[in-house]
Amino acid sequence: MAIKTQPVTVNLGPQHPSTHGVFRMRVMFDGEEIVDVEPVFGYLHRGSEKLAEERTYTQVVTLTDRMDYVSSMLNNHAYMLAVEKLAGIEPSPRGVWLRMIASELQRIASHLVATGFLLQDLGALGTPLIYAMRERENILDLFEMLCGARITNSYLRPGGVFMDAPDEFWPALKRSLVDILNTIDELETYLSGNEIVFSRTKGTAVLPPELLINASITGPMLRASGVDWDLRHRNPYDYYDKVQFNRILHTASDNYARYWVRVQEMRESLKIIHQCVEQIEPGPVRPSFDEIPRLIRPPVGDAYVAIEGSKGELGFYLVSDGGISPYRMHVRASSLINLTLLRDMLIGGLFGDLFVTFGSVDLNMGEVDR
Amino acid sequence: MIGLGLPRGFVVTLKNFIRPAVTEQYPDRRIGLFGAAKEAGMNPVRFLFSRPKESFKAFVGLATVPVAVKQSARFRGNEFVFFEDRCTACASCAKYCPLGIIEIVSVPGKIDAQEGESYKLEVFDIDIGRCMFCGLCVEACPYDALHMGTQFERSKYVRDSLVITKEELGAALKRPSSFYRPQFEEKTFDPFLEVIEDFHDAGRHERPSADELKRKWVDER
């Protein structure tokens, strides 16, 4: 005998520990089943794009740190590539290798956070999250050696990075790479074969690849559906054409596939870092101030550069009117665009899968609201 | 292999259970009875009988020693290091700051500035309550007068006391971080132990003396 139920609306957030920031959802339930979802965001809006209009091109780097605060290096990287394209700056080779190493380390850190919090949302309270965070601390220590800060890095400058890596960085990097690989192996040992993880994540929130492409979803979410789209391979920026790595694809397009793609991508990032360390050569890390002054005045025009961020295509669009600061800056925030399919993922699902699905998108409210 | 996933997972957690902890104690570390005796330089048994009150404190975990925090040399702490003797009041730092929180007021020196005397710095305030420690001011300084500091314990009760003045900067302990200062990257220099007293040691360039400036700008013209 079916129990008669009536729909009830529940307000989740904005101050909810499982929403990865200040995000609010109005969810309508019919019993256990989700009938309707309405996302409400904008609680963390700081107007970064507007603030950029009254700062010089170098000063805007500090704003990009605070957009996606678990992958600040990648934000720095995307922004600097846009500035270099706009101003026609030729970067120094050593600076490019260094920022590639920093970006890949940041990608590992971001994926570790995503994996840890996904398991936290599954109900594995503490353990996987702490294991992932412990390894992320190693990476943040490396960033502290490089640039003196752990999260708000501001490491990149037009044409490279501001300072060469210290001597103690390279042995520490070598040690950390081994540690990270061990952690990923460990993570796979206790999670990728775990029956509880299987039963909770396999077959939930399945999205067809056509829908993902139509909604312009990018990143691990798209690759989990079997679409081979990685900007590092499709449209190589910096020296990504000089390194070899596998593209990680999965066909199931469910929550487990998204988790699996992230874990395997960490291994590929490690491979890229190893190749970068082999190919890096001594030299200046940024062009001298005679070539590129501190105050850049790019010619009138616009530039759009997108990189493969940790969450998808991360693009910066800059318009210059010939002045010292951008006339307009727009960020193609991958988290915001990946959020657009939230209704399709959740409706018809169960209440218990709500936060798991939400966690598998890997969004960051700092980037959604900017 | 279905069925083995859970036991394999528990083996991993068991392995992690016996590995040493990575947590760092801050600001103090409990030393216990034996540690307290060692601190006092005594045999534990003698310590127990000669100082029963302290022994009890140590036994219940009240005896602590301060811990030095692991930092890298480039750490951007929130105590700035400023050498007034190196500063020419060019205000590069104020112009480069993304938030505009550095206030500089300078007046020409005794004689006209063009005749070889540098500007005199009257006000140099950093509103550290709004600072985000990006280090761009340090990067901009052409004479290595301003450095990031390695210290970070600077909490205050009142917002107004977060403005660091020139006098406060001058009196503070000068432990510069090696952020954007490659001269401090040498192995012999430890930013957490050594204090730079003399402003000559802090920079890449020697600041010209008043006589040299006068010769350059007045006599040779």
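Quick note on labels: first sequence line is chain A, next is B, and so on, each numbered from 1.
Interface remark: L63(A) contributes no atoms to any contact with chain B (heavy atom separation under 4.5 Å). Residue contact with chain A, scored on non-hydrogen atoms closer than 4.5 Å, is absent for K15(B). Only the backbone of D164(A) comes within contact range of chain B, judged by heavy atoms closer than 4.5 Å. Contacts between T56(A) and chain B at a heavy-atom distance below 4.5 Å are absent for every atom of the residue. In this structure, chain B has a heavy atom under 4.5 Å from the side chain of R134(A), while its backbone stays farther away. Contact of N153(A) with chain B is made through the backbone alone, with heavy-atom distances under 4.5 Å. Proximity to chain A (any heavy atom under 4.5 Å) is shown, for Y96(B), by both the backbone and the side chain. Only the side chain of R157(A) comes within contact range of chain B, with at least one heavy atom under 4.5 Å from a heavy atom of that chain. Interface remark: L136(B) contributes side-chain atoms only to the contact with chain A (heavy atom separation under 4.5 Å).
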Original post:
Does the pair T152(A) and R66(A) meet the rule for a side chain to side chain contact (heavy atoms under 4.5 Å, CB included), with working shown?
Top reply: CA-CA 7 Å; T152(A) 52; R66(A) 284 147 180 87; 3.6 Å; yes
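No side-chain heavy atom of M73(A) sits less than 4.5 Å from a side-chain heavy atom of L105(A). Put simply, the side chain of M132(B) reaches to within 4.5 Å of the side chain of P98(B), judged on heavy atoms.
Interface remark: of the candidates L146(A), V197(A), L51(A), L295(A), L146(A) forms the most heavy-atom pairs closer than 4.5 Å to chain B.
Classification of K166(B) and E122(B) as a salt-bridged pair fails, no side-chain N sitting under 4.0 Å from a carboxylate O. A salt bridge is absent between R328(A) and E54(A); no separation between the charged side-chain nitrogens and carboxylate oxygens falls under 4.0 Å.
For H147(B) and F179(B), the distance between ring centers is not under 6.0 angstrom.
Not a single donor-acceptor pair under 3.5 Å links the side chain of D127(B) to the backbone N or O of I101(B).
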